[in-house]
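Every chain is numbered from 1, with letters handed out A, B, ... down the list of sequences. Note that the structure is predicted; figures quoted are calculated from it, not measured.
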There are 2 protein chains.
Amino acid sequence: MSKVNLKQLAKELNLSVSTVSRALSNSHEISEETKQKVKYLAEKLNYQPNPHAMSLRSQKTKTIAVIIPELSNNFFALAIDGIESIMQTAGYQLLIYLSHEDQQKEVSIVNKLEGRVDGVLICMATETHDISHLRALKEKKIPIVFFDRVSNKLNTVKVITNDIESAYKATEHLIERGAQRIAYISLSLNISVDQKRMQGCLKALEDYKYTGEQKRVLSCTTNDDENYNLIKKLLSSPNRPDAIFTCVERLAITTYTVCRDLGLSIPSDVKVVTFSNMPAAALLSPPLTTVSQPAYEIGKAAAQAILDALNRNMVELNDEKIILPSVLIKRAST
Amino acid sequence: MSKVNLKQLAKELNLSVSTVSRALSNSHEISEETKQKVKYLAEKLNYQPNPHAMSLRSQKTKTIAVIIPELSNNFFALAIDGIESIMQTAGYQLLIYLSHEDQQKEVSIVNKLEGRVDGVLICMATETHDISHLRALKEKKIPIVFFDRVSNKLNTVKVITNDIESAYKATEHLIERGAQRIAYISLSLNISVDQKRMQGCLKALEDYKYTGEQKRVLSCTTNDDENYNLIKKLLSSPNRPDAIFTCVERLAITTYTVCRDLGLSIPSDVKVVTFSNMPAAALLSPPLTTVSQPAYEIGKAAAQAILDALNRNMVELNDEKIILPSVLIKRAST
DNA sequence: TTGAAAGCGCTACCAT
DNA sequence: ATGGTAGCGCTTTCAA
């Protein structure tokens with residue numbers, strides 16, 4: 001009942017291991033008759049080649065690593081769905097790693113990747129810090145594709161959305177709706193998308209001559225309880241913002257909770273907009289205005305990029321940006 | 001710059017490959033001095049043993065497969081978080097597979113697992129069909145642990161929640177709130193948890209003498225648009241239900257959408273309760289009453305069970321049920 | 001205390 | 001058209 005291998009097939013058929021191997025890979029130097037016999041038996045015994053022996057021999061693993069900060073965020077769930085849709089068709093396995101937004105964890109994950117995977121798709125934990133771990137991987141001929149959170153310090157394919165532009169538009173939307181004091185709530189300014197979204201938001205505020213308390217930034221963390229207190233403090237202050245733009249959906253949910261607890265009404269007291277891919281956004285109380293990223297498509301594009309690299313045996317990828325636009329969906333929260 | 005292996009270390013140190021290997025595994029038959037030298041160089045060159053060579057030799061992969069129906073459901077995202085928290089500490093890799101609720105896909109995934117992983121955690125796509133693919137895997141000495149959606153046809157550890165009891169309580173809650181005509185909306189009665197939830201719901205309705213149109217079941221599918229129409233039809237019928245109990249969160253979201261589109265008010269026209277792990281449930285309009293499963297804990301328990309099996313080299317797991325209770329969180333939708 | 005060699009399962013080179 | 005053999009990187013006998 002143990003795993004059937006070439007040796008067993010060969011023995012059963014009175015052939016050599018090499019003949020069986022070639023028959024299964026359809027080599028033209030094997031007679032049709034032998035091929036038939038071999039394939040029939042292989043099918044019958046449900047022969048599956050040992051992936052580790054293959055990897056050891058070919059130095060290809062038919063596996064890629066996907067490194068993301070967390071899973072309980074619809075963006076990442078959808079992105080992985082997209083990645084999987086491409087990769088499973090191409091016969092690749094997906095090794096999933098969570099960095100939990102921790103740079104150290106990310107480094108130790110990346111350092112163990114060589115020999116284990118053919119390529120890496122990564123959404124970075126933090127990006128302002130050094131990227132020597134990724135550079136080392138690239139020097140070892142493992143192609144890397146960034147998605148969503150990217151680093152400009154490494155030349156490779158980057159699949160992103162138009163964060164600056166979308167954030168600008170979302171902010172303009174808040175302004176149109178009459179917001180006087182707009183606050184941008186960031187998750188971590190070590191994250192490229194966070195920076196860009198803030199940049200787009202502040203640019204709009206500057207263009208419309210918002211200054212001082214009309215134009216604020218609050219830095220949150222990865223701890224939900226802490227964030228709750230920070231946002232509560234912000235919304236309890238004497239000249240509190242009347243509009244909030246949060247970087248990620250988790251912060252918007254916290255903002256909703258704070259508003260509920262403080263008795264602030266959305267949108268009359270506070271307008272809220274966020275980047276999010278939550279399917280239930282339209283059903284919140286009130287329905288939440290979102291900038292919706294094409295998460296599934298981003299995953300697909302990133303997967304396709306790494307696949308192209310692997311198929312063409314290209315180690316050095318073009319320093320190319322693939323930009324898939326986000327959509328502003330206006331709802332009752334603004 | 002290519003991968004450093006034992007041979008290179010040996011050459012550099014003028015030692016044999018076997019000595020280097022033993023030094024790194026801290027064998028007592030190697031002098032302290034040699035160990036020091038070897039370890040120093042290994043560290044310096046960032047030596048990482050080739051995982052495929054290890055697997056080939058030891059027949060252990062230090063990898064487990066996680067097979068789930070989908071990712072865009074908070075339950076699975078949280079469960080994987082839990083699994084990862086245990087497995088990454090134990091030094092295991094996670095290979096993630098999505099069955100997309102398709103029995104055929106699940107079979108073909110499972111058939112390629114032998115030799116690739118040491119163990120399998122699975123939440124089945126459908127369970128009434130045959131499970132010969134899993135039985136075959138078990139016969140090949142690969143331990144399997146079920147979580148959430150399990151099959152009683154296979155003797156092994158099953159980590160589940162108390163679906164029947166929770167569904168009974170949730171239904172009782174609807175009855176207490178005055179619901180007259182209660183409908184259970186199922187995703188697929190090929191799924192064990194769906195059956196159990198329905199069973200709990202119907203048992204409560206029977207105990208409270210609900211009959212005929214007071215006690216209905218609607219079978220949905222995996223297609224959201226189809227479900228929308230089915231639910232719309234149900235809620236447009238002359239003697240429509242005044243309470244809905246959905247099996248999974250996606251169906252509750254669809255129900256909310258239908259109610260909004262039909263102008264039905266929740267909870268006065270229709271009460272809604274669902275199994276769900278959505279963080280935003282409390283912020284929906286109105287806040288959604290949920291039966292919340294301990295998804296993270298279920299993931300952890302399943303991971304711990306497979307880990308115990310692997311550590312103790314047990315192929316045959318006890319036919320044990322680990323039951324982690326769900327919690328009914330009453331909110332405004334009822 | 002160290003080294004040589006076999007073998008995990010596979011493919012490719014060189015024979016025949 | 002088929003078989004023998006080497007070698008991918010590693011651990012583990014067996015010898016020295």
Trainee: For B:Arg22 and C:dA5, what is the distance between atoms CZ and C1' respectively, to the nearest whole Å?
Mentor: 12 Å
Trainee: Without decimals, in angstroms, what is the distance between B:Leu56 CG and C:dC10 P?
Mentor: 9 Å
Trainee: Between C1' on D:dG7 and CD on A:Gln59, what's the gap in Å once rounded to a whole number?
Mentor: 11 Å
Trainee: Taking any heavy-atom pair under 4.0 Å as a contact, classify B:Ser31: base, sugar-phosphate, or nothing.
Mentor: sugar-phosphate
Trainee: Counting side-chain heavy atoms from C-beta on, which of C:dA4, D:dT11, C:dC10 comes nearest to B:Leu6?
Mentor: D:dT11
Trainee: Is the distance from OP1 or OP2 of D:dT2 to the nearest side-chain N or O of A:Ser18 less than 4.0 Å?
Mentor: no
Trainee: Rounded to whole Å, please give me the gap between CD1 in A:Ile30 and P in D:dA1.
Mentor: 8 Å
Trainee: Starting at the 5' end of DNA chain C and moving along, which residue's nearest nucleotide shows up first, A:Ser21 or A:Glu29?
Mentor: A:Ser21
Trainee: Tell me if a side-chain donor or acceptor on A:Asp148 pairs with a main-chain N or O of A:Ile160 at a distance below 3.5 Å.
Mentor: no
Trainee: Taking the minimum atom-to-atom distance to the side chain of A:Arg57, which one of C:dT11, C:dT2, D:dT11 wins?
Mentor: C:dT11
Trainee: Quick one: is A:Tyr47 getting a side-chain N or O under 4.0 Å of the C:dC10 phosphate, OP1 or OP2?
Mentor: yes
Trainee: With a 4.0 Å cutoff (strictly under), does any side-chain N or O of A:Thr19 reach OP1 or OP2 of D:dG3?
Mentor: yes
Trainee: By nearest atom, which of the nucleotides C:dG3, C:dT2, D:dG3 is closest to the B:Thr34 side chain?
Mentor: C:dT2
Trainee: What is the separation between atom NZ on B:Lys62 and atom C1' on D:dG9, rounded to the nearest whole Å?
Mentor: 19 Å
Trainee: Any donor and acceptor pair, going by atom type alone, linking the side chain of A:Lys3 with main-chain N or O of A:Gln48 inside 3.5 Å?
Mentor: yes
Trainee: Any side-chain heavy atom of B:Met87 sitting closer than 4.5 Å to one from B:Gln93?
Mentor: no
Trainee: Could you tell me the separation between the NZ atom of B:Lys60 and the C1' atom of D:dT11, rounded to a whole number of Å?
Mentor: 15 Å
Trainee: Whether B:Gln48 contacts D:dG9 is assessed here as follows: a side-chain N or O lying under 4.0 Å from the phosphate OP1 or OP2. Is that the case?
Mentor: no
Trainee: Can you list the steps and then say if A:His100 with B:Gln88 is a side-chain hydrogen bond (donor to acceptor under 3.5 Å, both in side chains)?
Mentor: CA-CA 12 Å; A:His100 297 286; B:Gln88 93 94 17; over 6 Å; no
Trainee: Quick one: does A:Ser55's side chain have a donor or acceptor within less than 3.5 Å of a partner on A:Pro51's backbone?
Mentor: yes
Trainee: OP1 or OP2 of C:dG9 sitting under 4.0 Å from any side-chain N/O of A:Asn5?
Mentor: yes
Trainee: Specify the separation, in whole Å, of atom CG of A:Leu9 and atom P of C:dC10.
Mentor: 8 Å
Trainee: I need the CG-P distance between A:Asn26 and C:dT11, as an integer number of Å.
Mentor: 13 Å
